Amino acid sequence: PAISAKVREAIEKLNYSPSQMARNLVRGRSNTVALVVPDLENPMFQGVLKGLTVAAARDGYRVLVADSAEAVGVEAEIAVEARSKCDALVLVSPRMPDRELKELIQRTTPVVVVNRRVDDTPAAQLAVDYGTAIKELGVHLMGFGHRRIAYVAGPPLSYANEQRALGLGELAREFPDLEFLTITAGSSMEAGYDAADAVLETGATAAIAFNDLVALGLLSRLGEMGVEVPEQLSVVGIDDIPQSRFAAPPLTTMSVPRIEIGRQAWQRMRQALEGEKADHPLFYRPVLVARRSSGPASHASGWVGPARPVLRLGSTVVAQYEVGASVDSVLSPR
């Protein structure tokens, strides 16, 4: 008791606090796992983080978060640094090439990979079946009579974008009367906003966005341009983030179990920390949530203007809008 009293007195006098890093060195573990995402502003990744954090906390673990900000060149470096401070690593939608990803996994194991296929590695895998998801959106739009559909694509190095493109290719082969036109965009609201003009120039009657953020940006720009959704253009997304329900109009999308994926990522991580290997990958199949942003195709609208400068019948251009500067001064007011 006398020694304990002296220790407590010294602690109070020196304002001492124990070094967690030193404790971790002694124990050989930190009870912390690292989560690396390409864009923490994306609510899809926020949902995975929430599910992982809550599940890990029940087992006495904390989560360190790192955002690579879509910078593919430094993604592996960020992951290695984060792993050096933690017991394990969770990679969500990594953008790096396959070879670099496999090397990273070997260096940083135990690792759980979300939304990326990884062959011949010990990494536990959880992924969303985005190929089937986008095919269901295509069938949904077909039911409304849409045959010319724009795909507002995501980041070029995104595995999820690749799966979406493959799904659309399968659908086009299954239904030869369908036409898909790809617009290069990204994964953010700004990307969808900036892609609106290109979408309208295709003459498509519907647009499938890479994700809900892109769809929301597209809806915003269409509203500014006076394009009515879905009367003049149907817009659909993927992920069913919370904002989708409150869009104007509410967004048709494919619902992804974000929080459940986070929980399962922790279950797989806990197995890996205990020395168990995952025997098979897990795949989640999204569910269609039909709202008011999708509707019947406007094949016979007959209108043309700044918001939609080209009018087509099938693949034939029958009318094209031109600004006054490029038309004879007598005709331009018309």
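Remember, predicted model here, so these are calculated numbers, not experimental data. Position 1 is the first residue of the sequence, and the numbers go up from there.
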Within the side chain of [X], is there an N or O that forms a donor-acceptor pair under 3.5 Å with the backbone of [Y]?
X      : Y      : answer
Thr205 : Leu233 : no
Ser220 : Gly217 : no
Arg291 : Leu251 : yes
Gln232 : Glu228 : yes
Arg83  : Thr109 : yes
Asp239 : Ile241 : no
His146 : Leu141 : no

Tell me whether [X] is salt-bridged to [Y], with the criterion being a basic N under 4.0 Å from an acidic carboxylate O.
X      : Y      : answer
Asp59  : Arg270 : yes
Arg147 : Glu179 : no
Glu75  : Arg95  : no
Arg268 : Glu276 : no
Glu103 : Arg99  : yes

Item checked: Heavy-atom neighbours of Leu14 CG exceed 12 at 6.0 Å ->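 Counting other residues, nucleotides and ligands, CG of Leu14 exceeds 12 neighbours.
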If only side-chain N and O atoms count, and only distance matters, is there a donor-acceptor pair under 3.5 Å linking [Y] with [X]?
X      : Y      : answer
Tyr193 : Glu224 : yes
Gln267 : Gln271 : no
Ser294 : Ser234 : no
Asn211 : Tyr130 : no
Asp240 : Thr253 : no

Next item on the list: Consider only side-chain heavy atoms of I, L, V, M, F, W and Y, link residues closer than 4.5 Å, and tell whether Val72 and Phe45 are in one cluster.
Entry: no
Under 4.5 Å between any side-chain heavy atoms of [X] and [Y], yes or no?
X      : Y      : value
Leu35  : Val92  : yes
Leu89  : Arg107 : no
Leu91  : Arg116 : no
Thr32  : Lys85  : no
Leu288 : His140 : yes
Trp266 : Arg263 : no

Margin query: Go through it in stages, so that I can follow the logic: the residues are Arg221 and Glu190, the test is salt bridge (charged side-chain N to carboxylate O under 4.0 Å, His left out), and I'd like the CA-CA distance, side-chain angles, deciding distance and then a yes or no.
Written below: CA-CA 10 Å; Arg221 179 58 179 154; Glu190 290 79 7; over 6 Å; no
Margin query: Return the OG to CG distance between Ser30 and Asp87, rounded to the nearest 0.5 Å.
Written below: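 Result: 3.5 Å between the selected atoms.
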Item checked: Interatomic distance, Thr202 atom OG1 to Ile183 atom CD1 [nearest 0.5 angstrom] -> 5.5 Å
Next item on the list: Could you point out which residue of Ser68, Ser187, Ser158 forms a side chain to side chain contact (heavy atoms under 4.5 Å, CB included) with Pro38?
Entry: Ser68
Next item on the list: Starting from the C-alpha separation in whole Å, work towards a yes-or-no answer on side chain to side chain donor-acceptor pair (under 3.5 Å) for Tyr151 and Asn161.
Entry: CA-CA 10 Å; Tyr151 170 51; Asn161 184 64; 2.7 Å; yes
Check: In the hydrophobic cluster built from side-chain contacts under 4.5 Å, what are the other members alongside Val287?
Finding: none
Note to self: Going by the rule side chain to side chain donor-acceptor pair (under 3.5 Å), which residues pair with Thr132 if we only count those two or more places apart in sequence or in a different chain?
What the structure shows: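 Only Asp129 meet the side chain to side chain donor-acceptor pair (under 3.5 Å) criterion with Thr132.
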